[in-house]
Enquirer: 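Please read through the structure below; I'll follow up with questions.
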Amino acid sequence: MEKVNIRHSIFRTLLLSMVVLFSFSQTSYSQEDSGTADAAVEESDSGASGAEGDVAAGKELFNSLCAACHKPYKKATGPALHGVSDRHDRQWLYEWIKNSAAMIASGDDAAVKIYEEYNQTPMNAFPQLSHEDIDNILAYVEQPKPEPVQVAGGDAQADAGGGYGSGVSTNVVLGILAFVLLLLTVILVLVNKTLNRFAEVNGVPIVASEKRKPIWKAFVENQFLVLVSSVFLLLVGAYFVYGFFMQVGVDQGYAPVQPIHYSHRIHAGDNQIECKYCHSSARVSKTSGVPSLNVCMNCHKSVSEVAPETATEDYTKDFYDGEISKLYDAVGWDTETQSYTGEEKPVKWVRIHNLPDFAYFNHSQHVSVAGIACQECHGPVEEMEIMRQEAPLTMGWCINCHRETKVKVEGNKYYDKIHEELSKKYGVETLTAAQMGALECGKCHY
């Protein structure tokens, strides 16, 4: 009998390779960037630029009294306040902040110059502020301008995904698995060849398997299976075709990119601006309307940049400030002179919610008469960074709402008489919109 040599070098090579790869993956990710901790931003001393006072108290006073017209490091309605202690005497600042109008009337040169430079815009008087309060405000505005925090988004994501905690990169693990799979395939081929050689040496005949009829041929010859399969395929096809056509014109989840990024999360969520402050026509009109840029400038005339804590991983402070700059460019607002240039540019907003022309919907009837909150139809807009169509806005969706929604008749004289008659008719105390005729075709189609 011929002896067949089975070499074990393949298994030894496999084990050695796996040990080397795991050792490399553990050591390659064990080093940490020691410079990250050293790059932390140090807090500024409260007595920066020679201004003595409580910075925290000064920040609170500044935000409540001064922030509407002033910014620490750039012009707004009034001048930038950083460095004001170097430009003016402290006693002069006390008198100016407490009663600027009196100083202008007295003919003080510095006071008149500021008044003329800023379009003769009067400054509010703050006689209630003590010298200590003013010192605190000055201590806050005289702090050095903080350096912007650079966030390496790619590196941070790589660290989070790479797994400092696990010590092994996902790519390394996948590479090891692919390598092991390849080695197993090679081993199976070698084992198959070895067994065939054993059989050949020992004279064991290798019987070829009988040829069987192809499964497709057996299926075609069975008429019952063909009939059942055809009916099944027709029903499945009809189901998907029906579903496809029922989704035509349904844009649920539609969230287009607008020419100027507007964050409902910041405005309606963080700042709690009432929806109808911007969409004021929703109270009295069929449509909610697109707010004019003048409405935006009511606030952004003073708010030229966002707070650092407003930024997220996806949207940085620089991004938001850039979008405010787009607003200024559209309305022709010059931040240096704090005035309009008269050069306006149209903003081509992309419509999100759009009902068919044959469907009638009145915002005022739902908002003012029915008292329905905007979130009932538009979803949690106060959480949306990018506005999207939350509801399907289909006929069935509207009808279900009319069937389930109880009409608020308390304190609404519009419904007094009709509620009294219909409650007797249906024998109920509360009525739904459907019971008041909201399912009639002519209500929405005419």
Side-chain angles (χ1 to χ4, degrees), residues 40-149 266-267 270-273 277 297-311 317 321 324 335-339:
V41 179
E42 299 180 354
E43 295 184 358
S44 301
D45 294 332
S46 60
S49 298
E52 298 178 357
D54 187 342
V55 173
K59 180 179 180 180
E60 184 177 351
L61 288 170
F62 177 85
N63 289 336
S64 61
L65 301 177
C66 313
C69 299
H70 293 281
K71 297 184 183 303
Y73 309 108
K74 63 188 300 184
K75 283 184 176 182
T77 304
L81 296 185
H82 182 69
V84 69
S85 299
D86 298 330
R87 297 193 297 269
H88 301 284
D89 179 74
R90 182 60 61 97
Q91 186 60 39
W92 187 92
L93 289 173
Y94 292 154
E95 297 178 7
W96 169 259
I97 293 172
K98 290 186 175 183
N99 193 349
S100 61
M103 296 188 67
I104 296 172
S106 67
D108 183 272
D109 292 339
V112 173
K113 181 180 179 182
I114 294 175
Y115 181 67
E116 295 293 337
E117 182 180 353
Y118 288 89
N119 303 319
Q120 297 184 352
T121 302
M123 174 180 167
N124 294 337
F126 300 100
Q128 75 276 17
L129 293 179
S130 65
H131 288 184
E132 182 181 357
D133 291 334
I134 296 175
D135 287 339
N136 293 339
I137 295 174
L138 294 176
Y140 169 69
V141 300
E142 294 294 2
Q143 292 186 106
K145 185 176 183 180
E147 295 294 332
V149 179
I266 296 176
H267 293 80
D270 295 345
N271 296 324
Q272 298 183 355
I273 299 176
Y277 174 78
M297 290 301 293
N298 287 341
C299 298
H300 283 287
K301 187 176 180 181
S302 300
V303 182
S304 60
E305 58 182 352
V306 300
E309 56 269 19
T310 303
K317 180 181 185 303
D321 293 345
I324 296 176
T335 56
E336 291 297 324
T337 62
Q338 292 290 300
S339 61

Enquirer: Are D108 and W96 linked by a side-chain donor-acceptor pair shorter than 3.5 Å?
Expert: no
Enquirer: Would you say N136's side chain and D54's backbone share a donor-acceptor pair under 3.5 angstrom?
Expert: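 Yes, because the side chain of N136 sits within donor-acceptor range (under 3.5 Å) of the backbone of D54.
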Enquirer: Distance check, rounded to the nearest 0.5 Å: K75 atom NZ versus T337 atom OG1?
Expert: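 K75 atom NZ to T337 atom OG1 measures 8.5 Å (nearest 0.5 Å).
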Enquirer: To the nearest 0.5 Å, what is the distance between OH (Y73) and CG (L81)?
Expert: 10.5 Å
Enquirer: Is there a side-chain contact between H88 and I114 in this structure, where contact means two heavy atoms from C-beta onward sitting under 4.5 Å apart?
Expert: yes
Enquirer: Between V303 and H300, which heavy-atom pair has the shortest distance, and what is it?
Expert: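 Taking V303 first and H300 second, the nearest heavy atoms are O-ND1, 3.0 Å.
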Enquirer: Taking everything shown except K59 itself, do over 12 heavy atoms lie less than 6.0 Å from its NZ?
Expert: no
Enquirer: Taking the side chain as every heavy atom from C-beta outward, state whether L138 and R90 have any atom pair closer than 4.5 Å.
Expert: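 They are in side-chain contact.
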Enquirer: At what distance, to the nearest 0.5 angstrom, does CE of M103 lie from OH of Y115?
Expert: 15.0 Å
Enquirer: I need the minimum non-hydrogen distance between Y140 and P72, along with the two atoms involved.
Expert: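 Heavy atoms only, the tightest pair is CE2-CG, 4.5 Å.
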Enquirer: Give me the atom names and distance for the closest heavy-atom approach of I137 to C66.
Expert: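 Smallest interatomic distance, heavy atoms only, reads CD1-SG, 4.4 Å.
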Enquirer: Check whether any side-chain heavy atom of L65 lies under 4.5 Å from a side-chain heavy atom of L129, and answer yes or no.
Expert: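 Touching, per the 4.5 Å side-chain cut-off.
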Enquirer: Should the heavy atoms of other residues, nucleotides or ligands under 6.0 Å from NZ of K71 be counted, would the total exceed 12?
Expert: yes
Enquirer: For the residue pair K317 and V306, what are the closest heavy atoms and their distance?
Expert: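 Distance-wise, the nearest heavy atoms are CE-O, 3.1 Å.
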Enquirer: Starting at NE2 of H82, measure out to NE2 of H70 and round the result to the nearest 0.5 Å.
Expert: 15.5 Å
Enquirer: Rounded to the nearest 0.5 Å, how far does CG of N271 lie from SG of C299?
Expert: 8.0 Å
Enquirer: Would you check if I134 and K98 make a side-chain contact, meaning some heavy-atom pair closer than 4.5 Å?
Expert: yes
Enquirer: Quick one: pull up SG in C69 and CD in Q338 and give me the separation to the nearest 0.5 Å.
Expert: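 Spacing of SG (C69) from CD (Q338) equals 9.5 Å.
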Enquirer: Using side-chain heavy atoms (C-beta onward) and a distance below 4.5 Å, is V84 in contact with E142?
Expert: yes
Enquirer: Evaluate the side-chain proximity of T77 to S302: yes if any heavy-atom separation is below 4.5 Å, no if none is.
Expert: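 In contact.
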Enquirer: Between A110 and W92, which heavy-atom pair has the shortest distance, and what is it?
Expert: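 Minimum heavy-atom separation between A110 and W92: CB-CZ2, 3.7 Å.
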Enquirer: Is the closest side-chain heavy-atom distance between Y94 and D135 below 4.5 Å?
Expert: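 Y94 reaches D135 side chain to side chain.
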Enquirer: Counting only heavy atoms not in E132, do more than 12 sit closer than 6.0 Å to its CD atom?
Expert: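 Count not over threshold, so no.
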